Chemist: 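The structure is given below, and queries will be raised subsequently.
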Amino acid sequence: MGKLSAFLYRNKLYIALALFILLINLASTAEKRLQKERAGKTEQLAAEKDEEAAPAEEKKAKKGELFDEEDISARQEKIQKLSETDPVFYIFIGLVNLAILFVILVGFILDGYFLVRLFRREPLRIRLQEQDKPRWTPGDVVRVALIFLASGYAIIIVQAFLSHIFPILRNENFRMVFNTAMMNLIGISVIVYFVVDKYGQDISQIGLTAKGFRKAVFYAAVGYICLVPVLFLIMLGTYFVTQLIEYRPPVQPIVEVFMEEKETVVLWLSTVFAAVFGPIAEEIFFRGFMYGALKKSLGVFWGMMLTAAVFAMLHAHAVGFLPIMMLGLLLAYLYEKTGSLVSSMTVHIMHNLAMVVLVFMMRGIGT
């Protein structure tokens, strides 16, 4: 009983944050339930007044679905029309497709090379810096996560009051990007506090170092090229499975932002955040901080697996879980082998930037 009391006393701040998060989620769930009930009643009344509302709702429901055959066919027709209406953009799309095929081909070749090395038991020696054993623990990871989540809810509450003063805060997409950016800044600050102030270690112990920068970027490029064929095969298999079970997964919220946002400023801010700032912040937390703590407690293999699994769960729905987890495993592997976050950050930026380019292409096609 004494140990429990001491534990509760030492962690009273984090217990309070956990209760705050729980209460906010309960209130949010109740509010969503009420909104759903109100929306259901409204739709029922509208359907009674206008029988043509049902097809419109069905068309709306299809919006934001992946692997929709009608949408794919329509997109192909629009691409063909681009050869007449916008030949420059049409050529750009063709070059991007050729580049993707080239990367897949090179990726298969590199994968074969590294598999041969694996069977021959020839280790990769790409270490850029040595690291001391991290002093922080999985408990510290939970503490940082609680501060991160609580700060997000606090920002939302503050925004509710400031939206009357700053009109930009009424833009839902801007709020999402701004909130996440602020949360990441707070999260990075707290991580630096734990590593440097609380445990007296240098930030290089979470991989923040410029040592061997060029080599780190090169290793990242090779690693990502090796990953692309794996992602391609996973997505191909996923497509056939979803068609077989007739499941249409929704697109990610950030994709909807890029597809639907009209404000140029918000669109550029979303691009910078998704392609650069977001990956940097996430690598500091997931690979630099979380993986270090889990590796110390569970070992390299389970540290990688658990970190990648959590990373995937927080980024994707069921269909996107496996490809994102494979990306997470590569990110953890590069960090483990090099000791530098530069490689994992570079891969993460490359991947997100590639996804942004593809989404903008879809937006330009008009789907």
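These figures come from a predicted structure and were not determined experimentally.
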Chemist: For a 4.5 angstrom cut-off between non-hydrogen side-chain atoms, does Thr338 reach Arg127?
Modeler: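 They are not in contact (no side-chain heavy atoms under 4.5 Å apart), so the answer is no.
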
Chemist: Just how far is it from atom CD1 of Ile284 to atom CD1 of Ile206, taken to the nearest 0.5 Å?
Modeler: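 Interatomic distance, Ile284 CD1 to Ile206 CD1, rounded to 0.5 Å: 6.0 Å.
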
Chemist: Kindly give the heavy-atom pair with the smallest separation between Ala150 and Ile21, and that separation in Å.
Modeler: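 Taking every non-hydrogen atom into account, N-CD1, 3.8 Å.
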
Chemist: Please determine whether residues Leu34 and Leu26 belong to a single hydrophobic cluster, defined as Ile, Leu, Val, Met, Phe, Trp and Tyr linked transitively by side-chain heavy-atom distances below 4.5 Å.
Modeler: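 Each belongs to a different hydrophobic cluster.
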
Chemist: Are any of the side-chain heavy atoms of Phe286 and Leu314 separated by less than 4.5 Å?
Modeler: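 With C-beta onward as the side chain, the pair touches.
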
Chemist: Hey, mind stepping through Glu283 and Tyr291 against side-chain hydrogen bond (donor to acceptor under 3.5 Å, both in side chains) and telling me if it holds?
Modeler: CA-CA 10 Å; Glu283 289 312 301; Tyr291 171 67; over 6 Å; no

Chemist: Which heavy atom in Gly223 sits nearest to a heavy atom in Leu330, and how many Å separate them?
Modeler: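 Smallest heavy-atom distance, with atoms named: O-CD2, 3.5 Å.
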
Chemist: Please check this pair: side chain of Ser28 against backbone of Ile24, looking for a donor-acceptor N/O pair closer than 3.5 Å.
Modeler: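 No; judged by distance alone, with no hydrogens or angles, the pair does not exist.
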
Chemist: Give a yes or no answer on whether the side chain of Lys215 reaches the backbone of Leu128 with a donor-acceptor pair at less than 3.5 Å.
Modeler: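 Here the side-chain-to-backbone pair does not exist.
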
Chemist: Quick check for you: to the nearest 0.5 Å, what is the distance between Leu149 atom CG and Phe20 atom CZ?
Modeler: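 CZ of Phe20 is found 10.5 Å from CG of Leu149.
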
Chemist: For Tyr193, look at atom OH and say whether over 12 heavy atoms of other residues, nucleotides or ligands are found less than 6.0 Å away.
Modeler: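 Not more than 12 within 6.0 Å, no.
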
Chemist: Does Phe218 have more than 12 heavy atoms from other residues, nucleotides or ligands lying within 6.0 Å of its CZ?
Modeler: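 Result for CZ/Phe218: open.
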
Chemist: Which residue, Thr238, Ile234, Leu327, Leu231, forms the side chain to side chain contact (heavy atoms under 4.5 Å, CB included) with Leu322?
Modeler: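 Single side chain to side chain contact (heavy atoms under 4.5 Å, CB included) partner of Leu322 among Thr238, Ile234, Leu327, Leu231: Ile234.
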
Chemist: For the side chain of Ser297 and the backbone of Leu294, is there at least one donor-acceptor N/O pair under 3.5 Å apart?
Modeler: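 No, because the side chain of Ser297 does not come within donor-acceptor range (under 3.5 Å) of the backbone of Leu294.
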
Chemist: First locate atom CG of Leu269, then atom CG of Asn171, and finally report the distance between them rounded to the nearest 0.5 Å.
Modeler: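 Here the interatomic distance stands at 10.0 Å.
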
Chemist: Using side-chain heavy atoms (C-beta onward) and a distance below 4.5 Å, is Pro279 in contact with Met345?
Modeler: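 A side-chain contact is absent here, since even the closest heavy-atom pair is not under 4.5 Å.
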
Chemist: Is there a donor-acceptor pair closer than 3.5 Å between any side-chain N or O of Arg117 and the backbone N or O of Leu124?
Modeler: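 Side chain of Arg117 to backbone of Leu124, a donor-acceptor pair under 3.5 Å: no, none is there.
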
Chemist: Test of understanding: clusters of I, L, V, M, F, W, Y form through side-chain heavy atoms closer than 4.5 Å, transitively. Do Leu101 and Phe92 belong to the same one?
Modeler: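 Unlinked, Leu101 and Phe92 end up in two clusters.
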
Chemist: Can a donor-acceptor pair be found between the side chains of Gln159 and Asn179 at a distance below 3.5 Å?
Modeler: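 Checked: Gln159/Asn179 side chains pair up, N/O donor to acceptor below 3.5 Å.
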
Chemist: Please report the interatomic distance CD1(Ile104) to CD1(Ile225), rounded to the nearest 0.5 Å.
Modeler: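 Nearest 0.5 Å value for the CD1-CD1 distance: 12.0 Å.
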
Chemist: Given side chains that start at C-beta, do those of Met325 and Met305 come closer than 4.5 Å, heavy atoms only?
Modeler: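 A side-chain contact under 4.5 Å exists here.
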
Chemist: Under 4.5 Å side-chain heavy-atom separation, chaining through any Ile, Leu, Val, Met, Phe, Trp or Tyr, what else clusters with Phe213? Say none if it is isolated.
Modeler: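 Taking Ile, Leu, Val, Met, Phe, Trp and Tyr as members, Phe213 shares its hydrophobic cluster with Val217, Val342.
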
Chemist: Working to the nearest 0.5 Å, report the span between CZ of Phe108 and CG of Leu115.
Modeler: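 Nearest 0.5 Å value for the CZ-CG distance: 11.5 Å.
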
Chemist: To the nearest 0.5 Å, tell me how far Asn352 CG sits from Phe277 CZ.
Modeler: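 Output value for this atom pair is 13.5 Å.
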
Chemist: Report yes if some heavy atom in the side chain of Phe360 is under 4.5 Å from a heavy atom in the side chain of Leu267; otherwise report no.
Modeler: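 Phe360 reaches Leu267 side chain to side chain.
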
Chemist: Report yes if some heavy atom in the side chain of Val195 is under 4.5 Å from a heavy atom in the side chain of Asp140; otherwise report no.
Modeler: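 When only atoms from C-beta onward are counted, Asp140 and Val195 do not touch, as no gap falls below 4.5 Å.
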
Chemist: Please check if the side chain of Lys295 supplies one atom and the backbone of Met304 the other of a donor-acceptor pair under 3.5 Å.
Modeler: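 No.
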
Chemist: Can a donor-acceptor pair be found, under 3.5 Å and without considering hydrogens, that links the side chain of Gln131 to the backbone of Ser340?
Modeler: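 Not a single qualifying donor-acceptor pair exists.
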
Chemist: Do the ring planes of Phe311 and His315 sit parallel (below 30°), tilted (30 to 60°) or perpendicular (above 60°)?
Modeler: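 The arrangement is tilted - the two ring planes meet at 30° to 60°.
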
Chemist: Please report the shortest heavy-atom distance between Ser343 and Ala216, naming the atom on each side.
Modeler: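 So the minimum-distance heavy-atom pair works out to OG-O, 2.8 Å.
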
Chemist: Might you point out which heavy atoms bring Gly278 and Asn184 nearest each other, and give the distance in Å?
Modeler: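 The pair with the smallest heavy-atom distance is CA-ND2, 4.4 Å.
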
Chemist: For Thr209, does its backbone N or O pair with a side-chain atom of Ser204 as donor and acceptor, under 3.5 Å?
Modeler: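 No: the side chain of Ser204 does not pair with the backbone of Thr209.
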
Chemist: Just so I know, are the side chains of Val276 and Thr271 near enough to count as touching, which here means a heavy-atom distance under 4.5 Å?
Modeler: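 In short, these two side chains do not touch, never coming nearer than 4.5 Å.
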
Chemist: The test is side chain to side chain contact (heavy atoms under 4.5 Å, CB included); show your working for Arg143 and Asn11 and say whether it passes.
Modeler: CA-CA 9 Å; Arg143 294 180 182 97; Asn11 294 279; 2.9 Å; yes

Chemist: Mark yes when over 12 heavy atoms from residues, nucleotides or ligands other than Gln129 sit less than 6.0 Å from its CD; otherwise mark no.
Modeler: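 Counting neighbours around CD of Gln129, more than 12 heavy atoms of other residues, nucleotides or ligands fall under 6.0 Å, so yes.
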
Chemist: Relative to the ring of Phe174, is the ring of Phe178 parallel (under 30°), tilted (30 to 60°) or perpendicular (over 60°)?
Modeler: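 It falls in the parallel class, under 30°.
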
Chemist: Step by step, would you call Thr346 with Tyr219 a side chain to side chain contact (heavy atoms under 4.5 Å, CB included)?
Modeler: CA-CA 9 Å; Thr346 302; Tyr219 298 149; over 6 Å; no

Chemist: Could you walk me through whether Lys133 and Gln205 pass the side chain to side chain contact (heavy atoms under 4.5 Å, CB included) test, one step at a time?
Modeler: CA-CA 8 Å; Lys133 190 174 183 180; Gln205 300 307 309; over 6 Å; no

Chemist: Report whether Phe114 and Leu105 are members of the same hydrophobic cluster (ILVMFWY, side-chain heavy atoms less than 4.5 Å apart, transitive linking).
Modeler: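 No, no single cluster joins them.
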
Chemist: Taking the side chain as every heavy atom from C-beta outward, state whether Glu282 and Phe285 have any atom pair closer than 4.5 Å.
Modeler: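 A side-chain contact is absent here, since even the closest heavy-atom pair is not under 4.5 Å.
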
Chemist: Is there a path of hydrophobic side-chain contacts, each under 4.5 Å between heavy atoms, that joins Leu118 and Tyr333?
Modeler: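 No; tracing contacts between hydrophobic side chains, which count when under 4.5 Å, never links both residues.
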
Chemist: Test side chain to side chain contact (heavy atoms under 4.5 Å, CB included) on Trp136 and Lys198; report intermediate values, then the result.
Modeler: CA-CA 9 Å; Trp136 59 92; Lys198 185 175 181 179; over 6 Å; no

Chemist: Using atom types as modelled and distance alone, determine if a side-chain donor or acceptor of Arg287 lies under 3.5 Å from a backbone N or O of Gly207.
Modeler: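 Side chain of Arg287 to backbone of Gly207, a donor-acceptor pair under 3.5 Å: no, none is there.
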
Chemist: Using 30° and 60° as the class limits, which term best fits the ring planes of Phe194 and Tyr14: parallel, tilted or perpendicular?
Modeler: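 Correct class here is tilted.
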
Chemist: Is there a path from Leu358 to Ile91 through hydrophobic residues (I, L, V, M, F, W, Y) whose side chains come within less than 4.5 Å of each other?
Modeler: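 Leu358 does not cluster with Ile91.
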
Chemist: Can you see which heavy atom on Leu110 is nearest to which on Cys226, and at what distance?
Modeler: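 Minimum heavy-atom separation between Leu110 and Cys226: CB-SG, 3.5 Å.
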
Chemist: Which pair of heavy atoms, one from Ala220 and one from Val347, lies closest together, and at what distance?
Modeler: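 Where Ala220 meets Val347 most closely, the heavy atoms are O-CG2, 3.3 Å.
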
